[in-house]
Amino acid sequence: MSMTFFIPQDTTALALGSDSVALTMASELKERGVEGGIIRNGSRGMFWLEPLLEVEIDGSRLGFGPVKSSDMPSILDSLNSRTKNTKSVNHPLFLGEVNEIDYLARQQRLTFNRAGVGDPLCIENYQRLSGFVGLTHAIKLKGQEIVDQIKDSGLRGRGGAAFPAGIKWQTVLDTVGEQKYIVCNADEGDSGTFADRLLMEADPYQLIEGMAIAGLAVGANQGYIYLRSEYPVAHKILNQAIERATEAGFLGENICSSGSDFFLEVRLGAGAYICGEETSLLESLEGKRGMVRAKPPLPAIEGLFGKPTVVNNVLTLGAVASILEQGSKTYKDFGMGRSRGTLAVQLAGNVKRGGVIELAFGVTLREVVEGFGCGTYSGRPIRAIQMGGPLGAFLPESQWDTPLDYESFAAIKAMIGHGGIVVFDDTVDMAAQARFAMEFCAVESCGKCTPCRIGATRGVEVIDRIVQNEDRDNNLILLTDLCDTMEFGSLCAMGGMTPFPVRSALAYFAEDFGGESPREN
Amino acid sequence: MPLLHAVKHDVGYIPDDSVEQIAKGFNLSRAEVHGVISFYHDFNTSPTGQHCVQICRAEACQSMGSRQIEAHAKKSLGIEYGETTKDGKVTLQPVYCLGNCACSPSIRIDDDIHARVSAASFDQLMAELRSPATTHAGGKK
């Protein structure tokens, strides 16, 4: 009986002890003289089940989780005593066929369909699962034809701003320049987001493929992945993947004998949230302080080192690979309204079943949080949901039936952003969360715009005075006024959107701010 | 930036006297180099302890009690953020998001991330770090 064991090596699984699980499994196998290898795969994104042990046996892929090292002997015993050719194993942690776990089976995975299946660094495995098919297609096309495919797919930037990717690419293609760049924004700084990380750790070649396609499309021969320093595991995996892809001829000179070059490098950030803003990121890549630039000029025309530059998020570039593989129509057939394709929702915070959930746009927030998340981790009622990172609004229950679609969220003054959902139970103090939003802005502001740099600090003070009931009415007016100034007087989303969580906390959770009656904001 | 990361990696911090050398090498003023160093949280200009312990302060971790972990850490180690324990083993820092938000609260010890941290597991991790016999897997030399 030959068995192959899969034990994930992504950040979350490692943080939950998957290394020690793998060590124990290896020594158990040796001791028992069992024939079977261990593959360190990426995670499937079902983080509530991590570490998730998978066993490939008789053509089935069976799951156990969440496992501890001490579970290894009993799992091996249960596998031994199982009836041949049935999918049933008698063990309390047994989950059945992994692909049939409802959390995974109910998803519509395009970008994450390979995540967790095999060794993320194995190129053969990537190709076996249709990897580099998109790049092979792209090589046969003219730049304009690739850009047209992206336009037809309706793909919008997944970083948060949701700008149509095809239009950005068209601008770079149309701008005359000897040197152009592809920059991948992997500075995934929003709390509650980890889909970029999962893609880089579980399926790094997809990002590499997407970037190479972007290079062919607009005529760029150099790419940079700007990765946040908080992701040491992704850093290691990306560097190894780039090295192997270069050796295999998918990167470097004359990629896949196409006559075009594409060189790729990872550059590490240094712990600044603002560098996720694209112009600040470009400044940082140039080795400067990450100060936001005024637009225009657009980065597509004058970007990195003043050259035409495509700046896209990890998931946008990942989607490019699947669009070129499966065709723009297939991609466009998913979704609703002007939000086409799939969204990688990231369910986090105080939630029972957190993880990456890839679904077509249009599902409601409630379906995700209740249907997939199954309520809070603490077991208490959900009180507030923050969507879209630290600059996203706090949503009360009355808004949870909003469909996940960029326009529907904009209509309720909220945002989907990068797709992060943070759940809070009823112990949350919303005044403290509003204060934190201002405090975070004060710490992380690049300092270019006065409303953001100074306004955030003043915002913390004003909220403190409101909570202490000090000249309450006037301070509430002042806070609203300050929010207006920040919103309309800042260049980028940092200052411009910090008021969103503050205003929504005040509007829907006024009882946490002291005083007697709820007030209008 | 890659150079500053390299200096930090080798020396553990960015020493003041390296600024002039860096400025000369890149044909920049010392002020410009200082400006870059001071902009980023990662580039500390004084030595840290043997191990860097970062506590995630972002919202997802807050929803799972990171504020309590934060308070517990400061109290049990007897230091504030940015300070180092007397034995020189541990420097405590805040961090905004380790991308492990589905299994909060999280902390990072050097390059290792730990999930679902409680006050008790924090104490155990610290005890392992600070006991003279063990060398932590992800530790700096």
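Note that these values count all heavy atoms, side chains included, but never hydrogens, waters or copies made by symmetry. Small disclaimer: the values here were computed from a predicted structure and weren't measured. Below, chains carry the letters A, B, ... as their sequence lines are ordered, and counting in each starts from 1.
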Practice task
Kindly indicate, with the supporting measurements, whether the criterion side chain to side chain donor-acceptor pair (under 3.5 Å) is fulfilled by B:Glu59 and A:Gln433.
Solution key: CA-CA 8 Å; B:Glu59 288 87 344; A:Gln433 293 308 132; 5.5 Å; no

Problem - Residue pair A:Phe194 / B:Gly99: nearest heavy atoms and the distance that separates them - result: CB-O, 3.2 Å

Handout entry: Criterion side chain to side chain contact (heavy atoms under 4.5 Å, CB included) on B:Cys101 and A:Phe47, from CA distance to verdict
Key = CA-CA 9 Å; B:Cys101 323; A:Phe47 291 137; over 6 Å; no

Handout entry: Under 4.5 Å from a heavy atom of chain B, the part of A:Glu188 involved
Key = neither

Practice task
Using modelled atom types only, decide if a donor and an acceptor are shared between the side chain of A:Ser191 and the backbone of B:Ala60 within a distance under 3.5 Å.
Solution key: yes

Exercise for the section: Output the option from B:Glu32, B:Arg57, B:Gln54 having the highest count of non-hydrogen pairs under 4.5 Å with chain A. Expected result: B:Arg57

Exercise for the section: Give a yes or no on whether the backbone of A:Gly17 and the side-chain of B:His114 come within a donor-acceptor separation of less than 3.5 Å. Expected result: no

Handout entry: Which portion of B:Val36 sits near chain A, non-hydrogen atoms under 4.5 angstrom
Key = both

Practice task
Could you tell me whether the side chain of A:Arg267 and the main chain of B:Met1 form a donor-acceptor pair under 3.5 Å?
Solution key: no

Problem - Any side-chain heavy-atom pair of A:Cys275 and B:Tyr40 under 4.5 Å - result: yes

Practice task
Please lay out, stage by stage, how B:Ser63 and A:Tyr377 fare under the test side chain to side chain donor-acceptor pair (under 3.5 Å).
Solution key: CA-CA 10 Å; B:Ser63 78; A:Tyr377 187 77; over 6 Å; no

Practice task
Spell out the residues in residues 65-82 of chain B that have some non-hydrogen atom less than 4.5 Å away from a non-hydrogen atom of chain A, in order of number; otherwise answer 'none'.
Solution key: B:Arg67

